[in-house]
Amino acid sequence: MRTLTRDGGAGVGAGFGFALASAASFGLSGALARPLLDDGWTAGSVVLLRIVIGALAVLPFGIVALHGRWHLLRRSAPTVLLYGGLAVAGAQYCYFSAVRTLEVGPALLIEYTAPAAVVVWMWLAHGQRPGRLTVLGAVVAALGLLLVLDLFSGADFDLRGAAWALAAMVGAATYFVISADDRSGLPPLALATGGLVVGGVLLGVLGLVGLMPMAAGSSHVTYAGISAAPWVPIVVLGLVTAALAYTTGIEASRRLGSRLASFVALSEVVLAVVWAWLLLDQLPGLVQLAGGALIVAGVVGVKLGERSVSAVSIAVGTDPLPAPSSEHEVVAGDAAPGRDDSGVPRRGAPAAG
């Protein structure tokens, strides 16, 4: 049995770095978009331009990353379509549909139950039963989210908006699961490029058929007392909160696994509060800061739980890492006599002279 759990190794530190960079990039989107929305831009216009600019930015790098191995893209076409449809276009469209009838706080809380959905999926689909530390970390992180989002002040609840937010959660969970699965051999940049291109096309179709309202403002917008032309935040949204965010997010998931990466991504909520403070002068309160500390503690608990899952996998003879495909895979029976497919001498077999 192969799983999508990572544990230890030199890539973990880099994985956390990529995960935090992705969370900081995604978290910036709300603070950048808010003045545009207040100026008359629709959410559909902002998200469409964000994804299209991101796709154009990573397209050259995605082509180079393939190194002419277009067969990998053809073989992974269903995965790329699913990623672009659910993780990019679906999550974005459903979230902005949710906030039309549901307050932002509850919508975010529902969408960020995605890590719990990832844990359940990895349990049902891959047999990775979560340990007590993982469950405890999830509970602590959820409590932290409640504090960061400041939901205790009272908020209206709308069933239709909640349904859209749950659909956005499915898209977010899909993002983490597909990003972590490297068995196709598709480079992270190629997956990010394909997903953004597919997502941009789907969002464009939604706009053309009128399912996603499109409108744009024309006046300057202000961040931290500095006035800027509207194209400036639009470009930053595309380059940073789409191109950089999705690329680093995939790199993080490849190193940490879908479950741990999804919990580290909870820091996006904390970082979104920080960006709102710096750019919009929305200072977080002590309760929100305490919530951020709980999220960090929850991520630590999930990391410890990840180690125990990998240890159990090794003990029962399972492979905790999915083997990435290669262009030159060794076919069974082609290995040298007395050696397995990796070239390592079998126990009891004579060594080569």
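Source: prediction; values computed, not measured. In what follows, every heavy atom counts, from backbone to side chain, and hydrogens, waters and symmetry copies are set aside.
- Within a 6.0 Å radius of CH2 in Trp41, more than 12 heavy atoms belonging to other residues, nucleotides or ligands are found.
- Closest approach of Pro230 and Ser218 over heavy atoms only: CG-O, 4.2 Å.
- Considering only heavy atoms from C-beta on, Thr247 stays 4.5 Å or farther from Pro188 through its side chain.
- Tracing side-chain contacts under 4.5 Å through hydrophobic residues (I, L, V, M, F, W, Y), one reaches Val235 starting from Val232; they form part of the same cluster.
- Minimum heavy-atom separation, Ala252 to Gly15: CB-O, 3.5 Å.
- When the side-chain contact (heavy atoms from CB on, under 4.5 Å) test is applied to Val236, the partners found at least two apart in sequence or on another chain are Leu28, Leu32, Val240.
- Cluster annotation: Phe18 and Leu260 are assigned to distinct hydrophobic clusters (Ile/Leu/Val/Met/Phe/Trp/Tyr, side-chain heavy-atom contacts under 4.5 Å, transitive).
- In this structure, Val46 and Ala33 approach most closely via the heavy-atom pair CG1-CB, 4.2 Å.
- Contact record, Ala172 with Ala114: CB-CB, 3.8 Å, taken as the closest heavy-atom pair.
- Ala91 and Ala168 get closest at one heavy-atom pair: O-CB, 3.9 Å.
- The same ILVMFWY cluster, assembled from side-chain heavy atoms under 4.5 Å apart, contains both Tyr223 and Trp275.
- At a threshold of 4.5 Å between non-hydrogen side-chain atoms, the residues Leu186 and Leu66 count as touching.
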### Task
Could you check Val47 against Met212 for side chain to side chain contact (heavy atoms under 4.5 Å, CB included), going step by step and ending with a plain yes or no?
CA-CA 10 Å; Val47 70; Met212 189 170 67; 4.2 Å; yes
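- Under the 4.5 Å side-chain heavy-atom criterion for Ile, Leu, Val, Met, Phe, Trp and Tyr, Leu202 and Leu81 are members of the same hydrophobic cluster.
- Rounded to the nearest 0.5 angstrom, Leu191 CG and Ile178 CD1 are separated by 7.5 Å.
- Using a 30° and 60° split on the angle between ring planes, Tyr83 and Tyr246 fall in the perpendicular class, above 60°.
- Contact check for Phe61 versus Thr193: no side-chain heavy atoms found under the 4.5 Å cut-off.
- A distance-only check finds no donor-acceptor pair linking the side chain of Ser76 to the backbone of Leu73 [under 3.5 Å].
- The closest side-chain heavy-atom distance from Leu166 to Val170 is not below 4.5 Å.
- From Leu271, atom CG reaches atom OG of Ser22 across 10.5 Å, with rounding to the nearest 0.5 Å.
- To the nearest 0.5 Å, the span separating OG1 on Thr174 from CE on Met169 amounts to 9.5 Å.
- Between Val221 and Leu36, some side-chain heavy-atom pair lies under the 4.5 Å cut-off.
- Side-chain contact between Val177 and Asp181 is absent, with no heavy-atom pair separated by less than 4.5 Å.
- Separation of atoms CG (Leu49) and CE (Met214) is listed at 6.5 Å; rounding is to 0.5 Å.
- Val197 and Val64 are assigned to two separate hydrophobic clusters, defined by single-linkage of ILVMFWY side chains at heavy-atom distances under 4.5 Å.
- Side-chain atoms of Val198 and Val88, non-hydrogen and from C-beta on, never get closer than 4.5 Å to each other.
- Contact record, Ala43 with Leu37: N-CD2, 3.7 Å, taken as the closest heavy-atom pair.
- Residue pairs that meet the side-chain hydrogen bond (donor to acceptor under 3.5 Å, both in side chains) test with at least one member in residues 42-66, sequence neighbours left out, are Thr42-Ser45, Arg50-Gln92, Arg50-Thr241.
- Rounding to the nearest 0.5 Å places CG of Leu56 at 10.0 Å from CG of Leu239.
- Side-chain contact check for Leu203 versus Tyr93: some heavy-atom pair is nearer than 4.5 Å.
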